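Below, chain A is the first sequence line, B the second, and so on; all start at residue 1. The shown structure was predicted, so the numbers you read here are calculated from the model rather than taken from an experiment.
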Amino acid sequence: MKEFRGPLPLDDRDFADVRRRVLSKIERRPSAPLLLRFAVAAAVVALIIVLLPHPKTTNRPLVVVHHKPALVVRPAIAHVEPALSRLAPAKNRRHVRPERIASTGAPPPDTEITMNIETADPNVRIIWITR
Amino acid sequence: MTADPVMDDSEDLLASIRAARSGDSHAFEEIMLATERRVASLAWHILGDAEEVKEALQETFLRVFRHLDRYDERRDFFGWLYRIALNVCRDLHSRRRPWRFFLPIEHAAEVPVAEEDFVRKDDVARLMRAIDTLPQKERFAIILRDIEELPTDEVAAILGSSPATVRVQISNARARIRKFMESGR
């Protein structure tokens, strides 16, 4: 294989030309370590700014707890719910949040609920009475 | 491969590398003077075009300068340099045209050939054509091992393969070349 190498197509002038071009490019731009040093310095400055403790604007505590009186759910409304859900189609079923009533200490009054449900047929009407 | 007369001493080369790392452009010029012919030879055998060789040379040295900090002084500098040069040649190839391993006609005219060498010249052209047909890995292995005459271990380090793999690649490449040469007789 040695004899197949042949002469190089470049002469001394070509090599000198390449060297000159490389050196001019190298000298034109800052070296990588210098850029790296700038980048590290910038990162350190940014980190210091982020980590510096900022002065507080108010003396208020961050979390305020409000004490409210205990709430009870009135059971009377809850009784109505199953009947409604049975009538409505499953996909349209909507959760009805029970109304919250402040506790009075006394048991809920004994009330009677009457539901009058009209259907598509004017001759058919559903009346639901519960206690 | 002929030894470079400018800087053959590895200690001098190492001193230039250290100086170049700290930004000494004169030291980097010393490195280029010491290594440019080897890089050009490799690029020439891969690219086969004088203009591309110049481009490869320039890009190789720019990359060397850029990554000089990554060079491990315990390793062979030429192995590291060849690896960069090989990558540059690969990039140039993917950017441009298919592999070529033929002497361009304008350069062929410049090479002085005696009358009795005509037959040999034909063999050279056929051999180059045979190398040109090899798969890329085998091609690089045979160029580095048989033309650049690097030891197998060094070729393996440059190609990022094991010495055993390189041996197989070289053996396959030689068999293919032999077959190619014999088929034309």
ring-ring contact (aromatic ring centres under 6.0 Å, His included) against B:Phe77, all qualifying residues, sequence neighbours excluded: B:Tyr71, B:Trp80
B:Arg37 side chain reached by A:Phe15 side chain, heavy atoms, under 4.5 Å: yes
A:Asp14 side chain reached by B:Leu57 side chain, heavy atoms, under 4.5 Å: no
So B:Lys54 and A:Arg21, do their side chains get closer than 4.5 Å, heavy atoms only? yes
Gap between atom CG of A:Leu8 and atom CH2 of B:Trp44 - 0.5 Å precision: 8.5 Å
Which residues pass the salt bridge (Lys or Arg N to Asp or Glu O under 4.0 Å) test with B:Glu154, not counting sequence neighbours? none
Group every Ile, Leu, Val, Met, Phe, Trp and Tyr by side-chain heavy-atom contacts under 4.5 Å, then state whether A:Val44 and A:Leu52 land in the same group. yes
Would a hydrophobic clustering, with Ile, Leu, Val, Met, Phe, Trp and Tyr connected at side-chain separations under 4.5 Å, put B:Leu159 with B:Val168? no
Could you measure the distance from the NZ atom of A:Lys25 to the CZ atom of B:Phe65? Nearest 0.5 Å is fine. 13.5 Å
Hey, could you give me the CG/CD distance between A:Asp17 and B:Gln58, rounded to the nearest 0.5 Å? 8.5 Å
State plainly whether one hydrophobic cluster holds both A:Ile48 and A:Val40, where clusters connect Ile, Leu, Val, Met, Phe, Trp and Tyr through side-chain heavy atoms under 4.5 angstrom apart. yes
On a heavy-atom basis, which atom in A:Leu10 and which in B:Val53 lie closest, and how many Å separate them? CD1-CG1, 3.7 Å
I'd like to check B:Glu36 versus A:Val18 (side-chain heavy atoms, cut-off strictly below 4.5 Å). Are they in contact? no
Rounded to the nearest 0.5 angstrom, the CZ-CD1 distance for B:Phe28 and A:Ile26 is 4.5 Å
